[in-house]
Enquirer: 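Below is a structure I'd like to ask you about.
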Amino acid sequence: MSPLAAIALKLVGIVTIVSALLDYLILLIPPNLTNPQWQLATTTQIVDRGIVPLVGIALLLTGFWIDNSVGRAVRGRNLVTDLRFWACLLGSFLGLVYLILAILHVNNVRLTSQQALSQVGNEANQATTQLEQQLSTELTQQQTQLSALLENETLLQQAIQSGQLPQDIEQFRNNPEALNQFLQQRADEAQQRLQTEIGSRRQQAEQRVRTEAWKSGLRISLSSLILAIGYSVIGWIGLRRLMSLTRS
């Protein structure tokens with residue numbers, strides 16, 4: 001059963017490695033290296049799939065270890081034709097790649113969070129501008145409507161009784177300037193209240209962006225660093241051992 005287990009492990013390992021590399025290749029097509037968001041998304045997916053080739057390499061090397069334990073290993077073989085050499089070389093290469101990704105991801109998170117914060121600020125400014133325009137339009141309409149109501153006693157009393165207007169609205173009948181000041185004060189109070197609400201929403205959005213950036217940066221960077229260590233250890237130790245076996 002040992003030779004069969006060794007063959008199965010090596011076959012599964014090769015299939016796992018090849019399928020993972022194809023998956024990486026598909027993720028990189030089409031490349032958009034100048035776009036930090038594309039880099040961030042691609043790096044995240046590559047790191048999330050990073051354990052797959054590592055498992056494949058481990059299975060492949062385990063298969064060769066079983067062969068060696070039952071005396072089926074061939075010593076003194078050419079490294080170029082030894083799958084273990086290529087597996088360890090791939091491990092060393094992926095270790096370097098994941099080390100670079102751990103560094104790049106931090107910078108990509110910083111750039112994308114800055115873009116997101118800038119977008120939040122622009123949306124808040126647009127909302128403030130729209131609010132000012134809307135209040136200005138409503139103020140003009142209210143001035144026109146109240147001026148018309150003050151000239152029509154019947155409609156004025158109906159509006160007061162229905163609660164649409166305060167009881168002391170009649171004091172502005174012969175004082176248009178005071179009426180304008182009254183309406184302007186109400187508009188300013190509404191504007192201040194809505195601006196406070198917009199500012200609160202902006203702070204919440206900015207806090208959410210910073211939190212997500214921090215979580216993404218920490219998770220992916222640490223995962224990538226751990227993968228880099230794992231690949232490097234397997235690759236370097238494996239290559240050194242293979243070279244020593246070849247020389248012996």
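Because only heavy atoms are used, hydrogens play no part in the values below, and waters and symmetry mates are left out as well, while side chains stay in.
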Enquirer: Would you kindly confirm whether Val47 and Leu28 end up in one hydrophobic cluster when ILVMFWY residues are joined by side chain heavy atoms under 4.5 Å apart?
Expert: yes
Enquirer: Give, for atom CG of Leu9 and atom CZ of Phe64, the distance between the pair rounded to the nearest 0.5 Å.
Expert: 11.0 Å
Enquirer: What pair of heavy atoms forms the shortest contact from Gln115 to Pro36, and how long is it?
Expert: NE2-CG, 4.1 Å
Enquirer: Not counting sequence neighbours, which residues clear salt bridge (Lys or Arg N to Asp or Glu O under 4.0 Å) with Arg201? List them please.
Expert: Glu197
Enquirer: Which ILVMFWY residues can you reach from Leu40 by hopping between side chains whose heavy atoms are under 4.5 Å apart?
Expert: Val109
Enquirer: Do Val52 and Leu25 share a hydrophobic cluster (ILVMFWY, side-chain heavy atoms under 4.5 Å, transitive)?
Expert: no
Enquirer: Between atom NZ of Lys10 and atom CG of Asp67, what is the distance when rounded to the nearest 0.5 Å?
Expert: 3.5 Å
Enquirer: Excluding sequence neighbours, so at least two apart, what forms side chain to side chain donor-acceptor pair (under 3.5 Å) with Glu206?
Expert: Arg202
Enquirer: Taking all atoms of both residues into account, what is the closest heavy-atom pair of Trp38 and Leu27, and its distance?
Expert: CZ2-O, 4.1 Å
Enquirer: Which donor-acceptor pairs under 3.5 Å do side chains of residues 88-99 form with protein atoms, sequence neighbours excluded?
Expert:
| from | atom 1 | to | atom 2 | distance (Å) |
| --- | --- | --- | --- | --- |
| Ser92 | OG | Cys88 | O | 3.1 |
| Tyr98 | OH | Tyr24 | OH | 2.7 |
| Tyr98 | OH | Ile46 | O | 3.0 |

Enquirer: Specify the closest pair of heavy atoms between Ile51 and Leu227, including all atoms of both residues, with the distance to one decimal.
Expert: N-CD2, 4.0 Å
Enquirer: Show every side-chain hydrogen bond (donor to acceptor under 3.5 Å, both in side chains) that has at least one partner inside residues 218-237, sequence neighbours left out.
Expert: Asp48-Arg219
Enquirer: Evaluate side chain to side chain contact (heavy atoms under 4.5 Å, CB included) for Gln37 paired with Asn32, printing each intermediate quantity in order.
Expert: CA-CA 9 Å; Gln37 293 183 348; Asn32 191 5; over 6 Å; no
Enquirer: Once side-chain contact (heavy atoms from CB on, under 4.5 Å) is applied, do any residues pair with Val18, and if so which ones, sequence neighbours excluded?
Expert: Ile14, Leu22
Enquirer: Quick one: side-chain contact (heavy atoms from CB on, under 4.5 Å) partners of Ile103, sequence neighbours excluded?
Expert: none
Enquirer: CD1 of Ile220 to OG1 of Thr44: how many Å apart, nearest 0.5 Å?
Expert: 4.5 Å
Enquirer: So which heavy atom on Thr34 is nearest to which on Gln39, and how close?
Expert: N-NE2, 4.2 Å
Enquirer: Just verifying a value: how many Å separate Leu117 CG and Gln114 CD, rounded to the nearest 0.5 Å?
Expert: 8.0 Å
Enquirer: Of all the heavy-atom pairs spanning Val209 and Ser113, show the shortest one and how long it is.
Expert: CG1-O, 3.9 Å
Enquirer: Hydrophobic cluster membership, with links at side-chain heavy-atom distances under 4.5 Å among I/L/V/M/F/W/Y: are Ile234 and Val12 in one?
Expert: yes
Enquirer: Taking Ser200 for its side chain and Thr196 for its backbone only, find out whether a donor-acceptor pair lies under 3.5 Å.
Expert: no
Enquirer: For the atom pair CD1 (Ile7) and CG (Leu11), what is the distance rounded to the nearest 0.5 Å?
Expert: 9.0 Å
Enquirer: Check the hydrophobic clustering (I, L, V, M, F, W, Y; side-chain heavy atoms under 4.5 Å; chains of links allowed) and say if Leu242 and Trp86 are grouped together.
Expert: yes
Enquirer: Out of curiosity, Leu21 CG to Ile26 CD1, how far, rounded to the nearest 0.5 Å?
Expert: 11.5 Å
Enquirer: Would you give me the side-chain donor-acceptor pairs under 3.5 Å for residues 53-60, sequence neighbours excluded?
Expert:
none

Enquirer: Tell me, please, which residues at least two apart from Leu222 pass side-chain contact (heavy atoms from CB on, under 4.5 Å).
Expert: Leu218
Enquirer: Please identify each residue that fulfils salt bridge (Lys or Arg N to Asp or Glu O under 4.0 Å) with Arg110, with sequence neighbours left out.
Expert: none
Enquirer: Among residues two or more places apart or on two chains, list those pairs meeting side-chain hydrogen bond (donor to acceptor under 3.5 Å, both in side chains) that have a residue in residues 51-66.
Expert: none
Enquirer: Checking Ser19 now: which residues fulfil side-chain contact (heavy atoms from CB on, under 4.5 Å) with it, not counting sequence neighbours?
Expert: none
Enquirer: In terms of hydrophobic clusters joined by side-chain contacts under 4.5 Å, are Leu83 and Ile17 together?
Expert: yes
Enquirer: Between Leu225 and Ala102, what is the shortest heavy-atom contact and its length?
Expert: N-CB, 4.1 Å
Enquirer: Could you walk me through whether Val120 and Arg208 pass the side chain to side chain contact (heavy atoms under 4.5 Å, CB included) test, one step at a time?
Expert: CA-CA 11 Å; Val120 169; Arg208 185 166 56 251; over 6 Å; no
